[in-house]
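Take a look at the structure set out below.
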Amino acid sequence: MVVELGWCSMLACERGLKLRSQYADGVKMPTTISIVVAFVGLFFSILCKADGGVPTKGFEHLALTPPRGWNSYNSFSWIVSEKEFLDNAKFVSEHLLKFGYEYVVVDFLWYRKLEPDASVWSSGHDVIDQWGRPVPDPGRWPSSRDGRGFARVAEQVHAMGLKFGIHVMRGISTAAVQANTPILGAKGSPDTKSGRPWLAADIAVPGTECKWMTCCFMGIDASSEGGRAFVKSLYDQYASWGVDFIKHDCVFGVPDLRISEIELVSKSIAEAGRPMVYSLSPGVQATPEIGSKVSNMANMYRVTADDWDTWSDLETHFDVARDFAAAGMIGAPSERGRSWPDLDMLPLGWLTDPGPHRWCNLSPAEQHTQVSLWAMAKSPLMYGGDLRAIDNATLSLITNPWILDINAHSVDNLELQSTPSHTSSKSSRFGLSDCKDEIPRRWSLRSVRHSQDANQVCWTSTASSERRWRKGEELPLKCLHWTPFASGSQVANTSSRMGFIASPPELHGCLAPVVLGISNTEVQQPSMQNVECSSEEPNQLWHLTAEGRLRNEHTGLCAIVVEEGERIWVARHSSDQVYYMAFFNLGSTATHMAVGIDTVIRRFVPSTKIIDVSSGSNPHRRVMLADNTDLICKAFDVWNQHDLGVVGNSVGALVEGHGVAVYILTCTTSL
């Protein structure tokens, strides 16, 4: 009942205020009308207080499973046109909607004019209305020329049976600030002496520019009347256009976390009265602790930097997915339905980044690995390639019914175990992480006699340490040449804890952290790169701490060596006797992977008993429920679509390098 009254009370409060305003400026209201208005105002003011003035009907059912759809970014960057967008939407409607793909999302800068000198990082090209709000570029979105914004596009999308989404940036555009546009709906004045209305410059906060687009957007004072009114006017407009999905960028992750704006936007969406899935981005260096601060306000939140079609990008998602699953963040309940850690769009098929279009660089095995991880981690599935050029193999990949069922309906998903590779030549990646206590402290200096590399910095590991570089070479990295740092007239001390790391000899350079992802940006996933050695470059200076951490003084990040190997994920269906297993081989060569059936089942049903009934050379264990009933399990190979029949002690497969094997285990008490 309260839910129903939420809509009613908000509408009645608004209408009551409008009726009163008609009799302003000393005009006496008729006695009968005055009594009615007073009674209605009192009655609905109680209701407004009861429901907080924020309608909630429909929001509790949002994103009950991870959202699926298509996003324009990977295939068009920022320059997608109305026709290109609707052509892709048509494909979704005709071929993907039946598989649960229902959202089509216009990614960033739909308000930027496509002009010769316009780019992601150029200002002066954004289209805004008289209130400083972005509106579609009429050159690329001709249906917006009548002043209705995206309304006509949304109508066409809805007629296809789909839902319409847009990308928005945080805060306010510099175009609005420079024009100092008035703020729609702002009450009072920021200057009590002059009594002037609120303007864009009053709510903008200089120095809070978006880190990866400093030219064009900055934060706002979300606590001010003007700031609140501006955000409300934005989402009222988006609701009037028929928007169903908001991707809110530059508000999440370590560099650009804006909790106050996220709170305000979440509230403004609710007040706008139209259910919208609320997604946060970009998620650089996101942790479960940060995620817990927003999961109650958003339906999706990115937990990684931009993901592109390289193995090195894909590989970074395993640890992140593991951590959010272990923290119980997958599908957490929220005021808006449910909330999902988002591993980013799927960069498959026909892509641009930007530049000439090209096919996805991931191998078929790596593409299967990506889709399988997204499914087991229950990430939203947003396809990024241009659907007008999708091939049958990619279409089959993203519509595999068993994979989609795992993504939507599995529960208790987690990484069961992580082990080094069983192959003799183990591989690893030399990467970066923040310098928290849990980061391994395994670096040390060593002096090597009769060697050209008299001083080395070494990662202490039981395995030979190699790095699979972005270009594909595997290079030994257990110990690297260390050049002590000397400042001014100071003589370099061979035991100095400050120094430079030389690349492996064949690369002839030094190692330094760089930022990968969109070029010319400061906020993307950090990685290591071979560069020309220079003592003048601050990002090449490293500090070996007394605790054994190797810290880069320029970025504040620590170097680590992560051994590649095996990851096994498990989950179960809502039925306790259907289980899912995914074997991920992060190494570059094929390896046999297996897990005991009892290990999987006992993870979800601790009361399961294991009885050893081995005889001679025939090892065998019975899996039994608490009531001594035997469980008989059948296995199905998802990607090969092969029924393995009844299985005994374990399930396993030979998994190719960077590949995956996914199985469904169905157990019953009888055949």
Side-chain angles (χ1 to χ4, degrees), residues 304 307 309-323 325 343 346-348 360-377 379 393 397 400 402-403 406-407 413-431 461-470 472-475 477 561-571 579-597 599-600 635-642 644 647 650-665:
T304 69
D307 173 60
D309 53 327
T310 65
W311 175 251
S312 57
D313 276 8
L314 171 55
E315 188 183 25
T316 63
H317 290 66
F318 280 89
D319 288 351
V320 176
R322 173 201 62 202
D323 293 345
L343 297 179
L346 294 168
L348 306 173
C360 173
N361 287 320
L362 293 174
S363 70
E366 291 167 346
Q367 293 182 45
H368 281 78
T369 292
Q370 179 157 37
V371 174
S372 299
L373 178 62
W374 266 235
M376 292 298 294
S379 171
L397 181 72
N400 182 293
W402 298 279
I403 288 293
I406 292 172
N407 177 254
N413 309 58
L414 81 160
E415 183 183 276
L416 180 67
Q417 63 187 53
S418 173
T419 59
S421 172
H422 290 162
T423 60
S424 57
S425 98
K426 297 182 180 180
S427 58
S428 63
R429 58 183 175 86
F430 182 27
S461 174
T462 57
S464 71
S465 215
E466 299 175 354
R467 150 76 166 156
R468 185 168 181 83
W469 289 75
R470 204 170 179 81
E473 300 95 345
E474 290 190 356
L475 304 169
L477 198 64
V561 175
V562 180
E563 296 177 357
E564 297 176 346
E566 304 168 3
R567 306 291 182 101
I568 299 178
W569 275 70
V570 295
Y579 308 93
Y580 307 106
M581 299 172 288
F583 301 95
F584 296 99
N585 178 11
L586 276 59
S588 57
T589 58
T591 186
H592 187 271
M593 300 177 64
V595 66
I597 293 174
T599 301
V600 175
F636 178 77
D637 184 335
V638 167
W639 286 119
N640 292 315
Q641 299 186 27
H642 177 58
L644 303 179
V647 291
S650 63
V651 174
L654 181 66
V655 184
E656 64 182 302
H658 297 176
V660 65
V662 180
Y663 295 97
I664 299 174
L665 193 67

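- For the pair G652 and H592, the tightest heavy-atom approach, listed with the atom from each and the gap, is C-NE2, 4.3 Å.
- With sequence neighbours left out, V320 forms a side-chain contact (heavy atoms from CB on, under 4.5 Å) with V303, T304, F324.
- Put simply, the side chain of V371 does not reach to within 4.5 Å of the side chain of N400, judged on heavy atoms.
- From L343, atom CG reaches atom OG1 of T316 across 9.5 Å, with rounding to the nearest 0.5 Å.
- Looking only at side-chain heavy atoms (C-beta outward), I664 and Y579 stay at 4.5 Å or farther from each other.
- Contact between L654 and A590 at its shortest, heavy atoms only, is CD1-CB, 4.2 Å.
- Across all their heavy atoms, D637 and N640 have their closest contact at OD2-ND2, 2.9 Å.
- For the pair V570/L414, a side-chain contact is recorded, criterion being any heavy-atom separation below 4.5 Å from C-beta on.
- Listed by chain and residue number, W639 satisfy the side chain to side chain donor-acceptor pair (under 3.5 Å) test with S372 (two or more places apart in sequence, or in another chain).
- Distance alone, capped at 3.5 Å, is enough to place a donor-acceptor pair between the N413 side chain and the M376 backbone.
- The distance from the CD1 atom of I568 to the CG atom of N585 is 11.0 Å, given to the nearest 0.5 Å.
- In this view, D323 and P288 satisfy the side-chain contact (heavy atoms from CB on, under 4.5 Å) rule, not counting sequence neighbours.
- Here the closest non-hydrogen pair linking A325 and W569 is CB-CH2, 3.8 Å.
- When the ring pair (Phe, Tyr, Trp, His ring centres under 6.0 Å) test is applied to Y580, no partner is found at least two apart in sequence or on another chain.
- V655 has its side chain out of reach of E566: every pair of non-hydrogen atoms, C-beta onward, lies at least 4.5 Å apart.
- Rounding to the nearest 0.5 Å gives a distance of 9.0 Å between CD of E366 and CD of E656.
- Contact record, A653 with A661: CB-CB, 4.1 Å, taken as the closest heavy-atom pair.
- Side chain of N407 to main chain of S379: a donor-acceptor pair is present (N/O by atom type, distance under 3.5 Å, no hydrogens or angles).
- In this structure E415 satisfies the salt bridge (Lys or Arg N to Asp or Glu O under 4.0 Å) test together with R567, sequence neighbours excluded.
- Not counting sequence neighbours, the partners of T369 by the side-chain contact (heavy atoms from CB on, under 4.5 Å) test are W311, L314, F318, F584, V660.
- Relative orientation of the F636 and W402 rings is tilted, given thresholds of 30° and 60° on the angle between their planes.
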Exercise. Going through the distances and angles, do L644 and Y663 end up as a side-chain contact (heavy atoms from CB on, under 4.5 Å)?
Worked result: CA-CA 10 Å; L644 303 179; Y663 295 97; 3.5 Å; yes

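- A donor-acceptor contact shorter than 3.5 Å links the side chain of Q367 to the backbone of L362.
- Here the shortest heavy-atom pairing between A375 and I406 reads O-CG2, 3.8 Å.
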